[in-house]
Amino acid sequence: MKNMKNKAWRLFSFLVKGAGAAGLVQYRSTVMGRPGRGWRGGWTVLIWLAAVCLVLTDGRRSRQPRCPVGCTCTKDNALCENVRSVPHTFPSDVVSLSFVKSGFNEISGASFVHTPNLQLLLFTANSFDLIDEDAFMGLAHLEYLFIENNRIASISPFAFRGLKTLLHLSLAYNNLETLPKDVFRGMDALTKVDLRGNNLICDCKLKWLVEWIHHTNATLDQIYCSGPPIHQGKKINDLLPHSFDCITTEFASYQLLRFESISVETFTFGNEQYVVFAQPFAGTCNFLEWDHVEMTFRTYDAIQSTSTVVCKPMVIDNQLFVIVAQLFGGSHIYKRDSSANKFIKIQDIDILRIRKPNDIETFVIDGESFFVIADSSKAGSTTVYKWNGIGFYSHQSLHPWYRDTDVEYLEISNKPHLILSSSSQRPVVYQWNRSQKKFDRRTDIPDMEDVFSIKHFRVKGELFICLTRYIGDSRVMRWDGAMFKEVQTFPSRGSMVFQPVSVGKWQYAILGSDYSLTQVYQWDAKRGQFVPSQELSIQAPRGFSVVSVDNRVFLLASSFKGKTQIYEHLMIDLSD
């Protein structure tokens with residue numbers, strides 16, 4: 001009896017050792033009485049309590065998670081085959097778990113929070129095609145993750161979040177064409193990544209992976225690009241980040257101006273950028289300035305006129321002049337009076353020479369300032385004016401009686417030239433005679449009748465011109481050293497402007513239309529041609545100009561029949 005009591009006492013002490021010695025002494029003193037008295041009843045209670053504890057302990061053991069249906073479990077491994085979902089309970093000592101030929105469609109978020117001790121997880125020959133966000137949450141000890149020979153086509157950017165101890169990741173032989181940017185972020189322990197057997201498209205969306213490969217300590221097996229054509233068949237491991245041209249651009253609508261306009265000019269005066277629109281119906285040269293606080297263009301000043309078609313700014317010796325061309329009442333020259341902070345008229349332009357002005361160009365030759373007005377009337381004459389220090393005077397008449405619609409100043413082989421467009425004949429090229437200090441007619445541009453306007457641009461030193469035709473084909477031509485030769489044609493449907501525009505390294509040509517959307521083309525250096533880039537909705541566009549302020553670039557578009565519009569030039573990184 002004594003031995004039995006001692007065993008019971010030791011068993012009870014072991015089972016309730018969490019209560020401590022003090023608790024046990026208190027129990028003996030209060031329940032069992034002093035030693036030597038009431039021992040027989042006390043030992044009975046003690047034995048009874050020990051038996052209850054044994055039953056409870058056996059109960060706890062019986063509630064340990066069993067191996068799920070469809071899975072086979074050994075001491076520390078579990079293999080599940082043909083299961084319809086990820087089981088939530090596994091024996092606590094399982095550290096390696098495999099799924100084969102399973103029927104679930106995705107690995108959903110938090111699928112393994114009930115198996116935090118996993119060190120290896122394997123999926124092979126399953127039918128799921130998606131790995132969801134935080135799919136492996138709670139696996140703080142996972143070191144090996146194999147997801148191979150499945151049908152995975154999409155992975156969440158945060159699928160592997162929290163796998164800080166992962167050493168080996170295999171996504172081999174799936175249906176992956178791309179990977180979300182920075183999907184391996186935070187997985188600093190990685191030593192091996194296997195992406196073989198996928199159809200990876202090495203475009204801008206995968207540029208980040210190339211950058212990651214060059215900076216990570218993990219090793220990758222050789223993998224090949226399945227596209228695009230420029231990289232097809234190449235090893236991803238051999239690509240460099242600069243192999244990708246991922247910056248694209250667009251003109252995004254920024255500000256709407258509630259007036260019609262027929263021309264737009266931008267200029268710099270006093271270290272500030274300004275814009276001026278000619279408004280024929282309002283009879284106004286409307287000047288705008290950039291508001292550096294509100295980040296919009298606001299009214300700066302105005303010159304009142306009649307049937308205004310061109311407002312051409314010209315800065316000479318820090319003085320601002322504006323040539324205002326009008327259809328009626330003659331044309332005039334204004335000067336900015338800084339002290340009075342307004343424009344004052346200083347000169348009229350000979351109404352007998354300039355009857356119906358259509359375009360104005362300003363230029364400087366050998367330090368002398370000129371402007372030329374293209375006259376489109378039957379009796380007028382396109383005329384060059386020269387600044388003499390006090391005012392402008394008529395320097396030379398060009399092309400009388402030919403109804404010129406446009407004049408363009410440019411340098412050909414480092415020599416000043418003018419090209420006049422006319423509704424009555426082919427474009428005519430004039431060259432500056434330095435000894436005579438006048439323009440001499442040199443040649444014309446063959447097979448280009450009915451050209452409304454000509455604008456020039458340069459690409460890597462080569463000279464090109466855009467020729468606008470209202471109906472028919474507008475064209476781009478290149479100077480070959482002796483003459484202009486056709487490079488490209490563009491269908492024109494009511495086009496009054498074909499404007500080349502340069503923004504940084506990007507060259508555009510914008511073809512307006514009175515009957516359809518305005519087409520924006522971007523120069524492709526590899527093809528040596530323009531390619532379609534964007535469409536803009538502008539009613540009856542007549543002119544475009546670019547201004548750069550506060551490290552931002554804006555395209556200003558005049559509209560003859562609708563609201564004048566301002567677009568911002570945006571650069572978009574396709575690798576983001």
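The chain is numbered in sequence order, starting from 1.
Distance check, rounded to the nearest 0.5 Å: CZ of R475 to CD of Q488 gives 12.0 Å. To the nearest 0.5 angstrom, L288 atom CG is 8.0 Å from F297 atom CZ. The line from CD1 of I213 to CZ of F184 is 9.0 Å long, rounded to the nearest 0.5 Å. With rounding to the nearest 0.5 Å, the separation of CD1 in I323 from CD in E361 is 10.5 Å. L556 contributes atom CG, which lies 11.0 Å from atom CD of Q565 (distance to the nearest 0.5 angstrom). How far CE of M483 is from CD1 of I412: 12.0 Å, rounded to the nearest 0.5 Å.
Using bins of under 30°, 30° to 60° and over 60° for the plane-to-plane angle, the ring pair F363/F370 lands in the parallel bin. Note: F490 and F498 have perpendicular aromatic rings, judged against thresholds of 30 and 60 degrees for the angle between ring planes.
Between the D524 side chain and the R527 main chain, a donor and an acceptor come within less than 3.5 Å of each other. Here the side chain of S492 pairs a donor or acceptor atom with the backbone of S474 at under 3.5 angstrom. With N198 contributing its side chain and N174 its backbone, the two residues share a donor-acceptor pair below 3.5 Å. Judged purely by atom type and a 3.5 angstrom limit, S516 has no side-chain atom pairing as donor or acceptor with the backbone of S513. Here the side chain of Q326 pairs a donor or acceptor atom with the backbone of F328 at under 3.5 angstrom. Using modelled atom types, no side-chain atom of S495 and backbone atom of T468 make a donor-acceptor pair closer than 3.5 Å. Between the side chain of S575 and the main chain of D573, no donor-acceptor pair closer than 3.5 Å is present. For T248 (side chain) and I572 (main-chain N/O), no donor-acceptor pair under 3.5 Å exists by modelled atom type. Without hydrogens or angle criteria, Q222 side chain to K235 main chain gives no donor-acceptor distance under 3.5 Å. Remark: side-chain polar atoms of Q396 are paired, donor with acceptor, to backbone N or O of F439 under 3.5 angstrom.
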Stepwise side-chain hydrogen bond (donor to acceptor under 3.5 Å, both in side chains) test for S421 and T405: CA-CA 6 Å; S421 302; T405 54; 5.2 Å; no
Test log, rule side-chain hydrogen bond (donor to acceptor under 3.5 Å, both in side chains), inputs E408 and H456: CA-CA 8 Å; E408 179 76 351; H456 80 283; 2.7 Å; yes
Hey, mind stepping through W432 and Y409 against ring-ring contact (aromatic ring centres under 6.0 Å, His included) and telling me if it holds? CA-CA 11 Å; W432 180 254; Y409 173 82; 9.1 Å; no
Which is it for Q273 and T266 under the side chain to side chain contact (heavy atoms under 4.5 Å, CB included) test, yes or no, and what are the steps along the way? CA-CA 7 Å; Q273 301 293 322; T266 59; 5.7 Å; no
Derivation and outcome, ring-ring contact (aromatic ring centres under 6.0 Å, His included), residues F287 and F277: CA-CA 7 Å; F287 292 83; F277 291 95; over 10 Å; no
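Between D375 and K356 there is no salt bridge, since no side-chain N of the basic residue sits under 4.0 Å from a carboxylate O of the acidic one. A salt bridge does not link K342 with D337: every distance from a Lys NZ or Arg NE/NH1/NH2 to an Asp or Glu carboxylate oxygen is 4.0 Å or more. A salt bridge is absent between E260 and K561: the closest approach of a Lys/Arg side-chain nitrogen to an acidic carboxylate oxygen does not fall below 4.0 angstrom. A salt bridge links D301 with R336: the closest approach of a Lys/Arg side-chain nitrogen to an acidic carboxylate oxygen falls below 4.0 angstrom. Ion pairing of D514 with R542 is present here, as a side-chain N (NZ or NE/NH1/NH2) and a carboxylate O approach within less than 4.0 Å.
Residues passing the salt bridge (Lys or Arg N to Asp or Glu O under 4.0 Å) test with D348, sequence neighbours excluded: K345. Residues that satisfy the side-chain contact (heavy atoms from CB on, under 4.5 Å) test with K181, not counting sequence neighbours, are W208, D576.
Nearest heavy-atom pair across A252 and L570 is CB-CD1, 3.6 Å. Listed here is the closest heavy atom pair of H231 and C202: CD2-O, 3.2 Å. Contact record, R403 with S422: O-OG, 3.6 Å, taken as the closest heavy-atom pair. In this structure, T284 and S305 approach most closely via the heavy-atom pair N-OG, 4.0 Å. Heavy-atom minimum distance, T178 versus K205: OG1-CB, 3.9 Å. Across all non-hydrogen atoms, the minimal contact from Y224 to G233 is CD2-O, 3.4 Å.
No side-chain heavy atom of Q519 sits under 4.5 Å from any side-chain heavy atom of L536. A heavy-atom distance below 4.5 Å is not found between the side chains of K485 and M477. In this structure, the side chains of L555 and V503 stay at 4.5 Å or more apart for every pair of heavy atoms. With contacts defined as side-chain heavy-atom distances shorter than 4.5 Å, the pair S381/S397 qualifies. Side chains of S369 and T362 form no contact here, defined as non-hydrogen atoms less than 4.5 Å apart. Side-chain atoms of V372 and I360, non-hydrogen and from C-beta on, never get closer than 4.5 Å to each other. Residues I349 and Y385 have side chains in contact (heavy-atom distance under 4.5 Å, counting atoms from C-beta outward). Using a 4.5 Å heavy-atom threshold, the side chains of I465 and F484 count as touching.
A donor and an acceptor atom, one from each side chain of Q539 and S559, are nowhere located under 3.5 Å apart. Side-chain contact of N286 with Q279: a donor-acceptor pair under 3.5 Å is present, judged by distance alone.
Among the candidates L179, I201, L239, the single residue satisfying the side chain to side chain contact (heavy atoms under 4.5 Å, CB included) test with L206 is L179. Screening Y254, F554, W506 for a ring pair (Phe, Tyr, Trp, His ring centres under 6.0 Å) with H569, the sole residue that qualifies is W506. Between D366 and the choices K386, R434, K415, the salt bridge (Lys or Arg N to Asp or Glu O under 4.0 Å) rule is met once, by R434. Among the candidates F457, Y567, F530, F251, the single residue satisfying the ring pair (Phe, Tyr, Trp, His ring centres under 6.0 Å) test with Y508 is F251. Put simply, the residue from Y274, F269, F267 that forms a ring pair (Phe, Tyr, Trp, His ring centres under 6.0 Å) with Y300 is Y274.
The stretch residues 483-576 participates, sequence neighbours left out, in no disulfide bond (SG atoms under 2.5 Å apart) pair at all.
The aromatic ring centres of F321 and W387 sit less than 6.0 Å apart. If you look at F452 and Y470, their ring centroids are not closer than 6.0 Å.
Cation-pi check for R493 over Y515 is not met; the charged atom does not lie both under 6.0 angstrom from the ring centroid and within 45 degrees of its normal.
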